[in-house]
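Report on the structure given below.
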Amino acid sequence: MATDKKVRVRFAPSPTGGLHLGGVRTVLYNYLFARQHGGDFILRIEDTDQTRFVPGAEEYIFQCLAWAGLEPDESVKQGGAYGPYRQSERKALYRQYAEQLVANGQAYYAFDTPEELEQMRQDFKTEQNPSPQYDHHVRDKMRNSLNLQKEDVDRLLQDNTRHVIRIKMPENETVGFNDMIRGDVSFNTSLVDDKVLLKADGMPTYHLAVVVDDYLMKISHAFRGEEWLPSAPVHILLWKYLYGEDHMPRWAHFPLILGPGGKLSKRDGAKYGFPVFAMNWTDPRTGELTEGFKEKGFLPEAFINLLAVLGWNDGTEQELFSLDELIQKFSMDRVHSSGAKFDYEKAKWYNHEWIKKLAPADLTQRVKEVLTAKGLSISDKAPLQKIVELVKDRITLLPDFYDQTVYFFKVPETIDITAVRPKWNEAKQLFFAELIRSYELMSAWDAAALENDFKEIAAASQLKPGEVMLPLRIMLVGGKFGPHVFDIAEILGKEETIQRIRHTLGLLI
RNA sequence: GCCGCGUUGGUCAAGGGGUUAAGACGCAUCCCUUUCACGGAUGAAUCACGGGUUCGAUUCCCGUACGCGGUACCA
């Protein structure tokens, strides 16, 4: 296996729907590996199944990568020297390789119809073998160029009879390779079926396409999810037959990201209330919307971070990593071989940490976008950054900023009056009347002075500060939440503060 | 069924022949805070099971169990 050539890796999604967690993590590990080695990261569109074409899915993938900050060096969009980057546009390339295999006796034409295949599965189905494969046990009982007379095959071909090309798996050979994560992995070829390489419509299957394209695009390292491990022997053999094992990329199969039960699916997300896709995805056929991490209120920095450590860690106690740090520290041999269950609680913690970690000005800008999108109009004069700094400790998801800051921009819609009424009395009524008088006379309007005044008046009124602190909070904020109440008052300003106290006082009479 | 890959607290996980088996999330209790958070403290694992190898296995080997993945003219 060539390890000295330039590092070129690829992510090859099929544009059939939303891009989920595992996909983005695969992108991320590819990206990190490429950046770390000064290599190229290629995005190739695997759209060989025309029946599964979904409009918009390809564009959506690009949007997700752009949001996550993991943009490819070569792709349909960026271009590059190894295009086209969409397999449907490479259709003409594949047939010759399949034919070459047939000519060498490593593959064969199969004319079986879908019905005949179904029949075969019925006929050979037993309790011991519930899903019969098209393999060396059955291939000589089927309609293919292995057992048809040559003239018949030629005639069928000439008549353009629908057919596929299947690989002829050798019997009882051991095919193995060294996985960068799992070490040596091997398979007995007798147990692998004769996978279709070229479909009846002339399109390659994944198996042929991945090998041909990886070769043509000079891919040095091929990374993908563990679900591909069982078909690896087919790919290894294809490499051996077509281009020589020496040219084969190094493989790594990433552990699966699991949901509460098995492979994480968008169903899990819907069921347990957490996003699975990177960004919102609306199925154009059903109109069904699946929520994404972006829209849920995740920072791309946090998303990247949590994905990176789902299956990898640097061996220290560090948990927060920026993209740049990941590029520095990532290493394939510290990637786990076992699957990891996705933990939404921890995912939210990462977001919370990143909200605290982001530069204030940067965070403020993003919060402004969220608030604006929620319909708040925020004047440029508003001390937004100060407000954001004040509340960010209690935020996990970006939209939380709305609830935690609306009262700075609008009079609270509801006042939780029931929280104060039971313990309300004349002494408190008088206290607030006095407080208003005092506040109106204040010249320096700052939190410390406000608190000082407040406490002095409380003492003079024979009240403990705590007894009137909560009512003040309710008056200004509307509920039992938010940062230090005098900090809020300071930002609200004299007029607004007094106005709100008066208003609630009126409600309490 | 068969094939493959896995198995350290509820979750993510460090460690890797001799350790009090890190740390984080979550949970519980407590402290701080006259709101909610932040912060701090404390608590919870016979390292799946059974055999080896060894003076000694969580760590190495072999089985078993369990989990997951695959078993399509889908990727």
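Scope of the values below: all heavy atoms of this structure, side chains included, with no hydrogens, waters or symmetry mates. Below, read A as the first sequence line, B as the second, and so on, with proteins coming before strands; counting in each chain starts at 1.
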_Assigned glycosidic conformation for B:C38 [threshold 90° from 0]_ =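 Base orientation: syn.
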
Is it true that [X] and [Y] have a side-chain N and a carboxylate O under 4.0 angstrom from each other?
X        : Y        : result
A:Glu226 : A:Lys263 : no
A:Lys455 : A:Asp453 : no
A:Arg90  : A:Asp213 : yes
A:Glu46  : A:Arg44  : yes
A:Lys423 : A:Glu467 : no

Rounded [atom1] spacing from [N] to [M] in Å:
N     : M     : atom1 : answer
B:C66 : B:C60 : C1'   : 22 Å
B:G39 : B:G26 : P     : 9 Å
B:C5  : B:G23 : P     : 34 Å
B:C55 : B:U29 : C1'   : 44 Å

Using a 4.0 Å heavy-atom cut-off across all strands, classify [X] as base, sugar-phosphate, or nothing.
X        : answer
A:Val192 : nothing
A:Ala340 : sugar-phosphate
A:Thr16  : nothing
A:Val164 : base

Which donor-acceptor pairs under 3.5 Å do the side chains of residues 480-489 of chain A make with protein atoms, sequence neighbours left out?
from: A:His484; atom 1: NE2; to: A:Glu451; atom 2: OE1; distance (Å): 3.2

*Given atom NZ of A:Lys348 and atom C1' of B:U11, what is their separation to the nearest angstrom?*
14 Å

*Below 4.0 angstrom from OP1 or OP2 of B:A75, is there any side-chain N or O of A:Lys199?*
yes

*Kindly say if A:His336 contacts the phosphate of B:C5, meaning a side-chain N or O under 4.0 Å from OP1 or OP2.*
no

_Counterpart residues, salt bridge (charged side-chain N to carboxylate O under 4.0 Å, His left out), relative to A:Arg334 (two or more places apart)_ = none

*In dot-bracket, 5' to 3', how would RNA chain B read with Watson-Crick or G-U wobble pairs under 3.5 Å, [ ] for crossing ones and | for pairs to another strand?*
(((((((..(((.....[....))).(((((.......)))))....(((((..]....))))))))))))....

*Can A:Lys348 and A:Glu345 be said to form a salt bridge (Lys or Arg N to Asp or Glu O under 4.0 Å), step by step?*
CA-CA 5 Å; A:Lys348 285 191 289 191; A:Glu345 293 307 317; 3.5 Å; yes

Residue-level proximity of [range] to RNA chain B when a heavy atom falls under 4.0 Å:
range                       : answer
residues 408-425 of chain A : none
residues 106-120 of chain A : A:Asp112, A:Pro114, A:Leu117
residues 51-59 of chain A   : A:Arg52

*asked:* Does the plane of the ring in A:Trp312 sit parallel, tilted or perpendicular to the ring in A:Phe330? Use 30° and 60° as the thresholds.
replied: tilted

*asked:* Testing the basics here: between A:Ala278 and A:Cys64, what is the closest heavy-atom pair and its distance to 0.1 Å?
replied: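 Taking every non-hydrogen atom into account, CB-SG, 3.8 Å.
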
*Carefully, step by step, assess A:Asp49 and A:Tyr206 under the rule side chain to side chain donor-acceptor pair (under 3.5 Å).*
CA-CA 9 Å; A:Asp49 187 353; A:Tyr206 172 84; over 6 Å; no

*Just by distance, with hydrogens left out, do A:Glu118 and A:Gln122 show a side-chain donor and acceptor under 3.5 Å apart?*
yes

*asked:* Go nucleotide by nucleotide along RNA chain B from the 5' end; which of A:Arg166 and A:Asn188 gets its closest nucleotide reached first?
replied: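 Its nucleotide being nearer the 5' end, the pick is A:Asn188.
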
*Want to settle it: does A:Glu226 or A:Gly262 sit nearer the 5' end of RNA chain B, counting the closest nucleotide to each?*
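Here A:Glu226 is the residue nearer the 5' end.
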
*Look at the side chain of A:Lys195 and the base of B:A72, then say whether one donor and one acceptor between them are separated by less than 3.5 Å.*
no

*Taking A:Phe293 as the fixed residue, which of A:Tyr350, A:Phe274, A:Phe298 is the one that meets the ring pair (Phe, Tyr, Trp, His ring centres under 6.0 Å) rule?*
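Exactly one candidate clears the test, A:Phe298.
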
